[in-house]
Amino acid sequence: MEDVNVVEAKDGTISVASAFAGHQEAVQDRDHKFLTRAVEEAYNGVDCGDGGPFGAVVVRNNEVVVSCHNMVLNKTDPTAHAEVTAIREACKKLNKIELSDCEIYASCEPCPMCFGAIHLSRIKRLVYGAKAEAAIAIGFDDFIADALRGTGFYQKANLEIKKADGSGAVIAEEVFEKTKSKFAMY
């Protein structure tokens, strides 16, 4: 087994560097190749009028499973972001709901909805290009979490959020208890 160096950065993130000469460069080249494909998808989506300038690529075993772009306008669906569309298509193509043997490359930092979809699909690695601020700078409102909390600088949610109480809460919670035997998750 080759030696590895574990390095902890000031922000608390941990990196593992292989002692294999050229390993990091190979990973960087690979990441660049698939991220370039995601950016090309972003351009394609804009050129054909399907949606905003966002692209995503799902990769398994160094092979592209799907390459998708934002389809919000095409599908008239505000959830048809590039990452969500790519995850949906990859799940269909691979005929499974968990993608733990896959990676996703996104042209832009995922919004909370897309990050949630990435997390729920169990994708093992996310590589993104632009920061969310690049999208915000041209009018996209990707700070959904801040908007919901009312702390967003760019946007406030015009939405009342209330957790049900009383019998509404009870029956909604009972559905989990009454159906748990039908779901052996992962």
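As a basis for the values below, the full set of heavy atoms in this structure was taken, side chains included, without hydrogen atoms, waters or symmetry mates.
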| query | Which atom names give the shortest non-hydrogen contact between C102 and I123, and what distance separates them? | reply | O-CG2, 3.4 Å
| said: Quick check for you: to the nearest 0.5 Å, what is the distance between R88 atom CZ and C68 atom SG? | reply: 10.5 Å
| query | Are V65 and L35 connected in the hydrophobic side-chain network, where two residues link if heavy atoms are under 4.5 Å apart? | reply | no
| Which pair of heavy atoms, one from E83 and one from C114, lies closest together, and at what distance? | OE1-SG, 3.2 Å
| request: Indicate yes or no for a side-chain donor-acceptor contact from E109 to the backbone of A132 under 3.5 Å, with no hydrogens or angles considered. | output: yes
| query | Under 4.5 Å between any side-chain heavy atoms of V127 and E103, yes or no? | reply | no
| task | Mind checking the CG-CD1 spacing from L99 to I104? Nearest 0.5 Å is all I need. | result | 8.5 Å
| task | Could you tell me how the ring of H81 sits relative to the ring of F54: parallel (under 30°), tilted (30 to 60°) or perpendicular (over 60°)? | result | parallel
| task | Report the distance from atom CD of E41 to atom OH of Y105, rounding to the nearest 0.5 Å. | result | 15.5 Å
| query | Would the number of heavy atoms belonging to other residues, nucleotides or ligands and lying under 6.0 Å from NZ of K96 be above 12? | reply | yes
| What are the two closest heavy atoms between A86 and V66, and how far apart are they? | O-CG2, 3.3 Å
| message | Contact between L94 and R60 at the side-chain level, heavy atoms closer than 4.5 Å - yes or no? | response | yes
| query | Any side-chain heavy atom of R125 sitting closer than 4.5 Å to one from D31? | reply | yes
| remark: All heavy atoms of V57 vs all of F34, minimum pair found to be CG2-O, 4.0 Å
| query | Do V84 and L126 share a hydrophobic cluster (ILVMFWY, side-chain heavy atoms under 4.5 Å, transitive)? | reply | no
| Looking at NE2 of H119 and CD1 of I87, how far apart are the two atoms once the value is rounded to the nearest 0.5 Å? | 11.5 Å
| Exercise: identify the closest heavy-atom pair between H69 and G45 | CD2-CA, 3.3 Å
| query | Atom CG of D47 and atom CD of E40: how far apart are they, to the nearest 0.5 Å? | reply | 11.5 Å
| task | Mark yes or no for whether N70, through its side chain, and V72, through its backbone, hold a donor-acceptor pair below 3.5 Å. | result | yes
| request: Rounded to the nearest 0.5 Å, what's the gap from CD1 on I118 to CE on M113? Could you check? | output: 10.0 Å
| Do you know which two heavy atoms are closest between S107 and P53, and how far apart they sit? | OG-O, 4.0 Å
| message | More than 12 heavy atoms of other residues, nucleotides or ligands under 6.0 Å from CD of Q28: yes or no? | response | no
